[in-house]
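A quick write-up on the structure given underneath.
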Amino acid sequence: MISNPTAAMTEPEITQANAFVKFMSRHLVVLSGLYESYDEKGKLFHTGLFAISGFILNLHDRFFWVTAGHCLDDKFDKPIRAGTLRILECGFADYFGDKAINSHKIPCAYEPGCAFYLDNEAMGLDFAVMPLDNLTTRGLIANGVRAISRENWEHQQQLSFEQYKILGIPTHLTECQISAGGAVVGRLQPSMIAVDRLDPTAIPNPLPNVWFVGQIPPEVTIQSIEGMSGGPIYGFRRGSEGEWLYHVVALQSRWRPLERITFGCSLPLFAEALHREMAEMLKSESLPEGT
């Protein structure tokens, strides 16, 4: 669903825009489920729904779920190990795309340490990768999910993009209700919003220039992009015949709400490093290819 329909938009324009978001959402895979929060004395004080935006990376014909590293480190592993968070139910919501045929989540038994993550501001890195088994991979493919592979990023430095957009699940658009019987019912609503790319060195308190830096324009009326961390940042460009082409250029990471400035972890930076590391492992035969 578009996040900022205006009064000037006609019904056909809104319908077309929503169809475009659905098309782009074939890459969106959200780790979602129910959780319980406990205080330091072990007393339950909240039950709710979580949703972590992400997408699928194809590395050497293996599928990995990708999100922001801080999402799993701060929101999951640390509180789980501290005993203040318990996951009741968890799965991959992969039904946002235009080719989806199944509206049920793929179960995932999340445990601390099941993903590799790195959150290092000085290095410009904030990503997490979770290897997926064959059953989950087949389920994602059957439901129309499109993975991002190396052809998406290996020549990005030679390309220029005209527009950028972020896709994910804003927290304030996530609905969660507890029924009379105590069941938690939730609804996830993807949003795709425009972002204007900025010169990394031209903002107050700049981060290292390997970060993707953008600003949400004033006409985008979304309240907040909290919850969109881990979602893809798309770059759009014109092809040789004038057609629109797109690439995932970064993974949404940080957000300065007062300035409406967003930071993304460069996909070519971390994906190529992972690709090369896996290539070395395959070469040494420590990781059998195609299994």
Side-chain angles (χ1 to χ4, degrees), residues 2-4 6 21 24 27-28 51-55 57 66-75 117-129 148 152-173 190-238 244-274:
I2 57 175
S3 61
N4 58 323
T6 66
V21 175
M24 299 304 298
H27 299 291
L28 183 64
I52 300 179
S53 302
F55 56 96
L57 203 62
V66 180
T67 189
H70 74 265
C71 288
L72 299 188
D73 186 19
D74 297 335
K75 296 180 181 179
Y117 46 77
L118 180 62
D119 182 11
N120 188 312
E121 194 168 272
M123 297 174 63
L125 295 173
D126 179 19
F127 70 92
V129 288
I148 301 300
N152 170 90
W153 72 77
E154 62 177 334
H155 300 303
Q156 271 193 34
Q157 291 184 343
Q158 304 168 18
L159 304 175
S160 58
F161 299 96
E162 297 181 36
Q163 299 178 19
Y164 298 91
K165 296 182 186 295
I166 304 173
L167 177 67
I169 306 289
T171 300
H172 71 276
L173 296 180
S191 287
M192 188 163 66
I193 60 174
V195 58
D196 296 329
R197 191 160 194 174
L198 302 177
D199 178 350
T201 65
I203 63 171
N205 303 312
L207 300 184
N209 60 14
V210 291
W211 287 95
F212 172 95
V213 182
Q215 189 167 44
I216 311 301
E219 61 269 22
V220 175
T221 57
I222 194 166
Q223 296 177 19
S224 172
I225 66 169
E226 290 289 340
M228 298 181 79
S229 288
I233 300 178
Y234 296 111
F236 294 86
R237 63 184 179 90
R238 295 282 189 176
W244 281 107
L245 304 173
Y246 71 88
H247 299 251
V248 177
V249 300
L251 176 155
Q252 168 58 31
S253 171
R254 283 153 166 73
W255 167 239
R256 293 180 183 175
L258 295 180
E259 302 159 287
R260 291 169 66 86
I261 292 177
T262 181
F263 298 86
C265 174
S266 167
L267 181 78
L269 181 63
F270 78 84
E272 184 62 19
L274 292 173

Please walk me through it: do Val248 and Tyr234 pass side-chain contact (heavy atoms from CB on, under 4.5 Å)? CA-CA 5 Å; Val248 177; Tyr234 296 111; 3.7 Å; yes
Give the intermediate values and the outcome of side chain to side chain donor-acceptor pair (under 3.5 Å) for residues His247 and Arg237. CA-CA 9 Å; His247 299 251; Arg237 63 184 179 90; 3.0 Å; yes
Set out, in order, the CA-CA distance, both residues' side-chain angles and the distance that settles side-chain contact (heavy atoms from CB on, under 4.5 Å) for Met24 and Lys165, then state yes or no. CA-CA 10 Å; Met24 299 304 298; Lys165 296 182 186 295; over 6 Å; no
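Put simply, OG1 on Thr221 and CD1 on Ile216 are 11.5 Å apart, with the number rounded to the nearest 0.5 Å. Atom CG of Leu245 and atom CD of Glu162 lie 10.5 Å apart (nearest 0.5 Å). To the nearest 0.5 Å, atom OG1 of residue Thr262 and atom CD1 of residue Ile166 are 4.0 Å apart. Rounded to the nearest 0.5 Å, atoms OH (Tyr117) and OG1 (Thr67) are 12.5 Å apart. The CZ atom of Phe212 lies 12.5 Å from the CG atom of Leu267; values are rounded to the nearest 0.5 Å. To the nearest 0.5 Å, atoms CE (Met228) and CD1 (Ile193) are separated by 4.5 Å.
Side-chain contact check for Phe127 versus Leu269: every heavy-atom pair is 4.5 Å or farther apart. For the pair Val210/Ser266, no side-chain contact is recorded, criterion being any heavy-atom separation below 4.5 Å from C-beta on. The shortest distance between side-chain heavy atoms of Leu118 and Phe270 does not fall below 4.5 Å. Side-chain contact between Gln215 and Ile203 is absent, with no heavy-atom pair separated by less than 4.5 Å. Counting heavy atoms from C-beta on, the side chains of Leu207 and Arg254 come closer than 4.5 Å. Counting heavy atoms from C-beta on, the side chains of Pro206 and Thr201 never come closer than 4.5 Å. The closest side-chain heavy-atom distance from Ser53 to Gln252 is not below 4.5 Å.
Shown here for Gly54 and Leu28, the closest heavy-atom pair between the two residues is O-CD1, 3.5 Å. Of all heavy-atom pairs between Leu125 and Cys265, the closest is CA-SG, 3.8 Å. Considering all non-hydrogen atoms of both residues, Cys71 and Ser229 come closest at SG-CB, 3.8 Å. Nearest heavy-atom pair, Ile233 versus Gly264, reported as atom, atom and distance to 0.1 Å: CD1-CA, 4.0 Å. Contact between Ser253 and Asp126 at its shortest, heavy atoms only, is OG-OD2, 2.6 Å. Scanning both residues, Ser224 and Trp255, for their nearest heavy atoms gives OG-NE1, 3.8 Å.
In the displayed structure, Gln223 atom CD is contacted under 6.0 Å by at most 12 heavy atoms of other residues, nucleotides or ligands.
Classified by interplanar angle (parallel below 30°, tilted 30° to 60°, perpendicular above 60°), the ring pair Phe236/Tyr246 is tilted. Ring geometry, Trp211 versus Phe263: the interplanar angle exceeds 60°, so the pair is classed perpendicular (tilted spans 30 to 60°).
With no hydrogens or angles considered, no side-chain donor-acceptor pair links Asp119 and His70 at under 3.5 Å.
Thr171 places a side-chain N or O within 3.5 Å of a backbone atom of Glu226 that can act as its donor or acceptor partner.
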